[in-house]
Every structure is written in structure tokens, then in C-alpha cells.
Number of protein chains: 2
Amino acid sequence: MFFNLQNHSHTLIDPALAILLTNSPYDDLQMGRRSDHSREELKDLIIQATLEMVRERGADQVTARQIAQAVGYTPGMLYSIFINLQDIFLHVNQIGLRTLQSLCAEALKKNDSTEAAIKAMGLAYLTFAAQHTHQFDLMFTRHIQHPDSKPPGLSDQIRMLFELVEDQLRILNPSASDLQVKLAARALWSGVHGTAALRLSDQLYVDAPDADREIVDLLVSGFLRQWQHSPSSQH
Amino acid sequence: MFFNLQNHSHTLIDPALAILLTNSPYDDLQMGRRSDHSREELKDLIIQATLEMVRERGADQVTARQIAQAVGYTPGMLYSIFINLQDIFLHVNQIGLRTLQSLCAEALKKNDSTEAAIKAMGLAYLTFAAQHTHQFDLMFTRHIQHPDSKPPGLSDQIRMLFELVEDQLRILNPSASDLQVKLAARALWSGVHGTAALRLSDQLYVDAPDADREIVDLLVSGFLRQWQHSPSSQH
DNA sequence: GCGCTATATTGAACGATGTTCAATTAGATT
DNA sequence: AATCTAATTGAACATCGTTCAATATAGCGC
């Protein structure tokens with residue numbers, strides 16, 4: 001599915017193809033490079049190749065050797081750019097969170113009511129989880145232990161996802177305190193996330209085909225009803 | 001942390017100790033046994049040893065060789081009783097679900113209102129997740145792909161956990177249909193489970209120390225308010 | 001154009017993993 | 001006591017992530 005170039009010594013790569021692949025082969029080269037890819041390009045190549053394989057087979061069917069082969073290098077090279085295999089997966093998750101967040105943000109627009117907007121966002125969340133099962137699994141249900149260095153702004157992105165919900169909740173109940181809004185957003189989104197997670201592991205056990213969608217609908221409308229009517233002074 | 005017996009050939013085990021370990025060494029032996037443990041005892045020993053190690057270090061720090069050493073056998077033996085290492089983990093999860101379910105069932109009793117009962121069950125859920133982090137992680141957030149043979153009644157136990165919630169919901173709104181009760185129970189419990197899962201991976205991002213408890217409180221009271229007032233003919 | 005140097009990349013190794021299976025061992029049966 | 005049969009071994013296999021000395025190459029100064 002990906003391109004293979006493992007012929008560094010014998011066959012030379014077609015220069016035109018090389019340009020196509022790198023699309024900027026004369027970047028800021030400083031020292032003796034063996035391939036046509038800059039450091040940053042290589043990093044992107046690896047992440048993209050890993051992302052593709054994760055989407056196809058799932059994270060635990062993706063090995064370091066496979067990634068290396070997909071980008072036309074040796075496994076050892078990976079460790080000159082990334083700390084770990086987990087480090088690579090962390091960067092893949094970063095992409096996943098970015099797309100998930102933009103999907104949710106997009107779903108918020110073009111809705112009559114705030115409630116409809118939140119529901120649309122919940123459905124977008126479920127849809128992403130259903131369409132990119134393996135990727136969603138890698139993001140949330142697989143426990144990735146952080147390496148020594150913190151993930152590069154990964155937690156910030158989750159925070160931003162929450163803030164989308166918080167904004168909507170603030171609209172509905174402007175007198176609520178910041179802490180209340182934060183808690184409510186997490187309460188609400190825990191429900192959506194929990195539904196997606198349970199559905200992903202086939203643990204919903206309801207006959208209805210669109211059970212997850214109905215559950216989120218129920219969840220959001222129920223929660224918002226009380227959120228709008230709750231006084232700001234509530235415990 | 002566990003007992004080691006890897007001296008089958010040279011040193012004989014103290015018979016008193018052996019009885020202590022097996023507590024019924026003369027069961028229904030039929031054929032040539034090498035050790036003092038029956039087939040069923042061995043199965044329990046393995047599961048218990050694995051459970052203990054999972055609780056201490058987490059599932060991905062537990063290897064087949066470690067389990068074998070903990071029960072005083074060779075790795076190969078495990079495969080005469082279990083299909084897989086995953087199969088062992090599945091049985092460990094069975095125990096985990098049993099205790100989690102009994103904890104929840106216990107929390108339901110001795111409460112003034114039905115709402116208080118459900119909240120108590122939610123807190124019990126959170127408490128278990130917090131106290132047995134690694135075990136909870138193995139149960140839910142780690143994606144275990146089922147072997148060929150179905151897990152022995154594992155899904156039934158999750159179903160039973162849901163039924164505890166369903167029973168409470170039925171009390172509050174007796175006119176609701178079966179499907180409505182099922183969906184509502186999953187909506188509600190997805191919130192509780194999602195909260196536990198997010199808290200487990202430190203993705204709640206709220207300063208409050210008991211944020212998870214407050215969230216569940218908010219979630220349950222909000223949801224029940226609409227559940228009691230919703231007509232049975234909804235949607 | 002030619003060596004020189006610096007470094008990107010290799011490739012082979014290491015230890016550890018889950019799993020298999022022929023060989024062996026020992027209790028039960030005769 | 002000999003035999004049978006099943007439990008258990010132990011060594012091997014393939015594969016994994018990861019490391020690192022060795023190597024090959026690209027750009028620099030000349």
C-alpha cells in the first residue's frame with residue numbers, strides 16, 4: 001500500500017520520482033545525507049506510513065520492521081528520529097486527535113440550536129470511532145505509557161476538545177461558574193466517550209443497530225435539560 | 001511475592017505444606033500425575049498468580065515465564081490448560097468482573113432513595129477503578145481480542161452489571177419500555193464508565209481532587225431528573 | 001575535481017517474548 | 001514388577017523492540 005524503496009546501493013531512484021516523493025529535495029541540507037529525505041520529511045514519512053498501517057491492521061499488528069520497510073529504511077534508523085516505537089504511536093495519535101477535533105468543530109457549525117450542535121458533535125465523535133476503529137482504539141482504549149519526555153502537546157489537544165463542549169454549555173447557562181462548566185462538560189463527554197468505547201469493544205449489548213446514536217441522543221437531551229434549569233449556585 | 005516450587009525431582013515438598021496449598025490433594029485423580037495439583041487446582045493457581053501480578057505491575061509487565069515460575073512450573077505447561085496467554089487474562093478478567101459486580105450490588109443496598117442507590121453504585125465503580133487500576137485497565141481499556149472459543153460467560157457478566165442499573169431505572173419509571181430501559185441504562189453507565197476511564201488515563205484535566213465523584217453525581221442526578229419525567233411514549 | 005570529515009544509515013547482534021512439540025518422567029493399572 | 005498413559009519438561013522457533021560499532025556517502029575546503 002505504501003511505496004518501497006530499499007535499493008540505495010544498486011538501483012538509483014528516478015530523480016523525477018524522488019522529487020515527487022520529497023517535493024523539496026534541496027531544503028536545508030548541511031551534511032552528508034544518504035537519501036533524498038530531510039530529517040523532517042523522514043519524520044513525516046514515518047508517521048504517515050505508521051498511520052496508514054494502524055488504520056488497516058491495528059496498532060499491535062504494526063512492527064518497527066514493517067514501518068522501516070514501508071519507508072524504505074532499516075529499523076535502526078527509526079531510533080535516530082524517535083525515542084521509541086511508542087513515541088511514533090504518540091505522534092500518530094497527535095494526528096488522530098487533530099482530525100477528530102476538526103471533525104467535531106466542523107459538526108458544531110450549521111445547527112439551529114445549541115442542543116442540536118452538541119448532538120451533532122457527539123455523532124461526529126461516534127462516527128469517527130466507528131470509521132477509524134483501530135485509530136480510535138490506539139488513541140484511547142490502549143494504555144500508552146508516556147516516555148520520559150512529555151507528548152508534544154497531546155494533552156493540550158484533549159483539553160481543546162473539551163473546550164468545544166464547554167463553550168456550548170456556557171452559552172446555555174451563562175451564569176454557571178468555570179468549575180461547574182468544566183465538570184459538566186466532562187460529565188457529558190464522558191457519556192459520549194464511554195458509549196463510543198463500549199460500542200467499540202462490543203459491550204453495549206443492545207439489539208438496536210444504531211444503539212450508540214440513540215444513547216448519545218438520550219444522554220445529551222437529558223443532560224442539557226437539567227443543565228439549563230440548574231441555578232448557578234448549585235453545590 | 002508468590003510461592004515458588006520448582007524442585008520436583010530432587011527436594012520433596014513438605015506434605016503439610018502441600019496440603020495447605022492444594023487443600024484437597026486426593027481429589028479425583030485418574031492418571032499419572034506428576035505434581036500434587038489436580039487439573040482444576042492448577043487452573044485456579046495460575047489465574048490467582050496472574051491476578052496478583054497484574055494487580056502489582058500491570059498486565060503488560062506479566063509474562064508467561066513469570067506466571068509459570070510463580071506457580072512452580074514450566075511455561076509450556078500453561079498451554080496444556082489454557083489456549084493462550086490472553087486466555088489466562090480473560091479468566092483473570094472474569095474474576096475482576098465478578099468482584100466489581102458484587103461491589104456494585106452491595107452498594108445498591110441500604111439507601112434511602114433509588115437515586116442514592118444508583119449514585120452509590122457509581123461511586124463503587126469509581127472506587128474499584130481507582131483502587132485496582134491495573135486490573136480495571138486490563139478489563140476495559142486494554143483491547144483483548146477474543147480467541148476462537150468465546151470467553152466463558154464474560155459478556156454475560158457485563159450484561160448482569162447493566163441489569164443492576166436497569167432494575168433501578170425500572171423502579172423510577174415503570175411505564176418505560178424494555179428497549180428504553182436498556183438504552184437509558186447504557187447511556188447512564190457509559191457516563192460512569194467513561195468518567196472512570198478518563199480519570200484512569202489522567203485525561204479529566206480538572207483541578208478538583210474528587211472531580212470524578214462530582215462528575216458522577218452531576219451525571220446521575222441530571223439524568224434521573226429527565227428519566228422520571230419522560231413519558232413512556234418518547235420517540 | 002579530490003581527498004577529508006562528519007554523519008546518516010546500516011546490519012548484525014542482544015535479550016526477551018509467546019508458543020510448539022518431541023522427549024521424558026512418574027503415577028496408575030494390570 | 002512391568003507396562004501404559006498422561007503430565008510436564010526443556011529446548012527450540014520465529015519474532016519482537018532496541019542498541020551500536022561499522023560503513024558508506026554527501027558536502028566541504030582546497
Side-chain angles (χ1 to χ4, degrees), chain A residues 5-10 12-13 15 18 22 25-43 45-46 50 53 57-69 71-90 144-145 147-148, chain B residues 5-10 12-13 18 22 25-43 45-46 50 53 57 59-69 71-90 144-145 147-148:
Chain A
L5 349 154
Q6 53 206 66
N7 39 9
H8 287 282
S9 45
H10 306 305
L12 280 180
I13 304 164
T22 66
Y26 304 115
D27 257 342
D28 50 351
L29 309 182
Q30 293 170 340
M31 279 301 163
R33 296 280 146 75
R34 184 169 309 197
S35 81
D36 308 305
H37 306 93
S38 82
R39 216 70 201 169
E40 212 56 39
E41 287 169 341
L42 221 38
K43 186 174 180 178
L45 272 182
I46 294 170
T50 309
M53 297 167 106
R57 305 171 222 160
D60 44 22
Q61 301 288 353
V62 173
T63 72
R65 285 175 172 82
Q66 287 176 358
I67 298 174
Q69 191 188 356
V71 297
Y73 284 85
T74 318
M77 188 227 68
L78 303 176
Y79 295 86
S80 70
I81 299 187
F82 296 95
I83 310 172
N84 250 342
L85 191 65
Q86 293 229 348
D87 189 23
I88 301 181
F89 285 141
L90 240 43
I144 286 195
Q145 46 202 1
D148 300 331
Chain B
L5 349 152
Q6 54 205 70
N7 40 10
H8 287 280
S9 46
H10 306 306
L12 281 179
I13 304 163
T22 65
Y26 304 115
D27 258 339
D28 50 352
L29 309 182
Q30 295 170 340
M31 280 302 164
R33 295 282 144 74
R34 183 170 308 197
S35 79
D36 309 304
H37 307 92
S38 81
R39 216 70 212 190
E40 212 57 39
E41 285 168 343
L42 221 39
K43 186 174 180 178
L45 272 182
I46 293 170
T50 309
M53 297 167 104
R57 304 171 223 161
D60 45 20
Q61 301 288 356
V62 173
T63 73
R65 286 175 172 81
Q66 288 175 359
I67 299 174
Q69 190 188 358
V71 297
Y73 284 85
T74 317
M77 187 226 71
L78 303 176
Y79 296 84
S80 70
I81 299 186
F82 296 95
I83 310 172
N84 251 342
L85 192 63
Q86 292 227 350
D87 190 23
I88 300 181
F89 285 142
L90 240 45
I144 286 195
Q145 46 202 2
D148 299 330

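We name chains A, B, ... by the order of the sequence lines, and we start the count at 1 in each one. Because only heavy atoms are used, hydrogens play no part in the values below, and waters and symmetry mates are left out as well, while side chains stay in. Everything numeric here is computed off the predicted structure, so don't read it as measured data.
Residues meeting the side chain to side chain donor-acceptor pair (under 3.5 Å) test with B:Thr63, sequence neighbours left out: none. Contacts of B:Thr74 classified as side chain to side chain contact (heavy atoms under 4.5 Å, CB included), with partners at least two apart in sequence or in another chain: none. Evaluation of the side chain to side chain donor-acceptor pair (under 3.5 Å) rule for A:Glu40 yields no partner, not counting sequence neighbours. Annotation: side chain to side chain donor-acceptor pair (under 3.5 Å) contacts of A:Arg57 (sequence neighbours excluded): A:Gln66.
Contact check for B:Leu85 versus B:Thr50: no side-chain heavy atoms found under the 4.5 Å cut-off. In this structure the side chain of B:Met77 reaches within 4.5 angstrom of the side chain of B:Leu42, judged on heavy atoms.
With axes fitted over five pairs at each extremity, the angle between the ends of the helix from C:dG1-D:dC30 to C:dT30-D:dA1 is 10° (10° resolution).
Of all non-hydrogen atoms in B:Tyr79 and B:Ala64, the two that sit nearest each other are OH-CB, 4.3 Å.
Atom C1' of nucleotide C:dT17 and atom CG of A:Asp60 are separated by 15 Å, given to the nearest angstrom. In this structure, the CG atom of A:Leu78 is 11 Å from the C1' atom of C:dT9, given to the nearest Å. The NE2 atom of A:His37 sits 16 Å away from the C1' atom of D:dT25 (whole-angstrom rounding). Atom P of nucleotide C:dA8 and atom CD of A:Glu40 are separated by 13 Å, given to the nearest angstrom. Atom CD of B:Gln69 is separated from atom P of D:dT9 by 12 Å (rounded to the nearest Å). Rounded to a whole Å, the OH atom of B:Tyr73 is 20 Å from the P atom of C:dT19.
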Study note, to complete from the structure: Whether each nucleotide of nucleotides 13-20 of chain D has a protein heavy atom under 4.0 Å at its base (B), only at its sugar-phosphate (S) or at neither (-) is summarised, 5' to 3', as ---BBBB-

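Within the model, atoms CG of B:Leu78 and CD1 of B:Ile46 stand 5.0 Å from one another, a figure rounded to the nearest 0.5 Å.
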